[in-house]
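A short worksheet on the structure shown next.
Naming: A, B, ... by sequence-line order, numbering from 1 per chain.
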Amino acid sequence: MKILSIALNTFRENLRDKLLYNLLVFALLMIGSSVILSRLTLGEFHRLILDLGLGSINFFGILIAIFVGIGLVSKEIEKKTIYTIVSKPVARYQFLLGKYLGLTITLFVNTVVMALGLLVVLSAQAVPIEGLLFKALALIFVEFMVIMAAALLFSTFTSATLSAIFTLALYVIGHLTADLKTAGAKMDDLSRGLLNGLYYLLPNLERFNLKGHVVHHLEVSGSDLLLIVAYGGAYTAFLLFLASLIFHRRDFR
Amino acid sequence: MTPSPDLVVQTDQLSKIFRVGFWGKRVTVVEGLNLDVRRGEVFGFLGPNGAGKTTTLKMLMGLIYPTSGQAWLFGKDLGDPQSKARLGFLPESPYFYDYLTSREFLRFYGHLFGLWGAALDKRIDELLELVGMTPAKDLQLRKFSKGMLQRVGIAQALINDPELVVLDEPMSGLDPIGRKEVRDLILRLKESGKTVLFSSHILHDAEVLCDRVAMILKGRLVACGRVTDLLDEGASHPVELVVDRLTQEGLAHLRPLADKVVVQGDRILIVLKSQQQVGAALEIVRAAKACLVSLNPQKGSLEDLFIREVEGHRSSTER
């Protein structure tokens with residue numbers, strides 16, 4: 001119950017923040033502009049709208065996840081609001097999970113709005129809407145959840161700026177982990193072991209990317225989808241657990 | 001040491017060392033602090049800026065962890081949810097959530113204590129009334145002045161009707177009217193049987209309000225006790241004697257008793273070294289047939305005590 005109260009409070013606070021609306025407007029503009037851009041291409045215009053639309057949702061969602069995520073805890077400490085909460089009968093992990101859940105709700109609403117924007121554009125352009133599209137959107141959201149947890153984890157022990165850089169780095173590396181394995185295969189045992197270790201430790205964010213599947217109409221089975229969602233959930237839980245551990249030991253100076 | 005159930009706050013050799021800078025230099029902020037706050041009293045925690053007051057309060061509130069030593073609230077270890085439920089805390093210069101109205105803000109804190117619905121709304125109305133914020137109840141907090149934020153902050157600290165109210169510098173940054181209101185509020189809390197622990201560097205407030213005070217300097221306790229006892233403890237108090245038409249002979253007799261003599265025409269001001277000299281001095285005045293204008297014991301203030309302690313500390317560290 002306490003976690004939910006903190007989550008709803010975070011959600012309410014986010015809703016009244018202008019940053020969010022700015023990002024949302026940009027995202028919708030970007031999705032809309034895919035119509036104009038598609039005019040410049042020959043024949044492939046369905047693909048372009050889908051690719052650009054999903055890409056925009058992904059990009060702006062990640063921006064929100066990172067830039068709101070890093071501020072969740074650091075802003076509370078900076079503004080000393082956390083003093084009044086931790087001194088109440090609220091465990092620190094409850095506070096952390098509440099903040100995380102609050103941002104999840106915020107981002108969920110945003111994703112739904114952006115997805116509706118895309119659906120409007122698609123139907124206006126008479127692009128057939130497949131079930132696969134919703135699977136792709138669901139996985140984009142799972143990726144947001146991983147990135148939010150990472151931003152939260154970094155912000156429990158370092159400054160907002162460094163947290164943003166770390167999270168962004170994790171995002172980029174997370175999409176290139178397959179290359180780690182490929183590179184390792186050509187190296188000596190030690191390097192290969194090291195790169196393989198990194199491959200398994202870092203999140204494999206490319207798994208959440210179904211844009212190619214949507215554009216090229218490659219179906220993804222339900223069991224595969226479930227497995228990917230479970231992977232995202234487990235990774236998120238792992239990051240949140242680490243964040244709670246660090247947050248529990250922290251002094252609020 | 002075992003915690004006493006009669007004490008609301010108790011600390012035993014509480015210490016905090018911070019590590020600062022790149023090399024993790026150790027800075028002792030609080031050292032070997034022993035405090036006890038009894039049920040129903042107003043306890044002032046005094047010291048200059050940077051003495052370690054806020055750090056101590058933060059340790060008690062579970063915001064930072066002590067490096068060594070122990071502390072208990074209501075006889076329970078720090079961080080115990082049951083004792084937290086009986087506690088209200090106002091941090092120093094709080095900001096709170098900009099985009100909430102004072103009602104939403106208080107409702108949120110009520111939820112954290114498991115308060116919901118009509119009972120909570122009633123409590124919020126009472127509190128807004130108590131701190132005089134009813135007219136601004138639907139205004140967002142970012143539009144509030146510092147004094148208004150402080151009042152909502154106090155309301156927040158009282159939402160659960162706590163037995164112990166801890167206020168960190170509740171008077172700082174407020175205008176004289178605001179300070180008086182906070183003082184009145186503290187007295188009202190005491191009347192309703194609550195224990196109040198507050199920190200301050202404004203000694204006058206503490207002198208008026210507190211049953212007992214503790215004074216800390218560089219993280220160490222330098223004085224603790226009832227305000228009156230502390231004031232009596234500090235050296236003998238001088239007494240100011242003003243007389244008219246004192247003869248030269250009378251003055252000559254008085255001089256050995258006096259610290260300072262100021263002659264202004266007919267009127268003479270004599271500062272006696274201590275109360276013990278008053279009897280003898282009055283004898284001389286009567287014998288000289290002079291006219292006694294006034295006799296004023298110079299009451300010591302916490303401020304004097306404070307300055308003495310600070311200077312004492314400085315000279316001891318210079319040695």
Per-residue tally against chain A (heavy atom, under 4.5 Å) across B:Glu104, B:His111, B:Arg107 peaks at B:Glu104
Partner chain A: residue of B:Ile159, B:Asp168, B:Leu100, B:Ile64 with the largest heavy-atom pair count (under 4.5 Å): B:Ile64
Name the region of B:Gln140, side chain, backbone, both or neither, that has any atom closer than 4.5 Å to a heavy atom of chain A.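 Side chain only.
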B:Leu87 versus chain A, heavy atoms under 4.5 Å apart: side chain, backbone, both or neither? side chain
A:Ile85 side chain near B:Phe108 side chain, heavy-atom distance below 4.5 Å: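 A:Ile85 vs B:Phe108: side chains touch.
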Name the region of [X], side chain, backbone, both or neither, that has any atom closer than 4.5 Å to a heavy atom of chain B.
X       : result
A:Leu8  : neither
A:Glu76 : side chain
A:Arg92 : side chain

To the nearest 0.5 Å, tell me how far [X] [atom1] sits from [Y] [atom2].
X        : Y        : atom1 : atom2 : answer
B:Thr101 : A:Arg12  : OG1   : CZ    : 8.0 Å
A:Ser5   : B:Leu115 : OG    : CG    : 10.5 Å
A:Glu13  : B:Asp98  : CD    : CG    : 6.5 Å
A:Thr81  : B:Leu141 : OG1   : CG    : 11.0 Å

Looking only at non-hydrogen atoms, find the nearest pair between A:Val90 and B:Lys84 and report the distance. O-NZ, 3.9 Å
Shortest non-hydrogen contact from A:Pro89 to B:Ala85? CG-CA, 3.9 Å
Does any N or O in the side chain of A:Lys88 come within less than 3.5 Å of the main-chain N or O of B:Tyr109, such that one atom is a donor and the other an acceptor? no
Closer than 3.5 angstrom, by distance alone: can the side chain of B:Lys58 be matched with the main-chain N or O of A:Tyr83 as a donor-acceptor pair? no
Is it true that atom [atom1] of [X] has more than 12 heavy atoms of other residues, nucleotides or ligands lying nearer than 6.0 Å?
X        : atom1 : answer
B:Arg220 : CZ    : no
A:Phe26  : CZ    : no
A:Lys75  : NZ    : no
A:Tyr231 : OH    : yes
B:Glu126 : CD    : yes

Who passes salt bridge (charged side-chain N to carboxylate O under 4.0 Å, His left out) against A:Asp251, sequence neighbours left out?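 Salt bridge (charged side-chain N to carboxylate O under 4.0 Å, His left out) list for A:Asp251, sorted by chain: B:Lys16.
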Taking 4.5 Å as the heavy-atom cut-off, does anything in residues 17-53 of chain B contact chain A, and if so which residues?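 From residues 17-53 of chain B, the residues near chain A are B:Phe18, B:Arg19, B:Val20.
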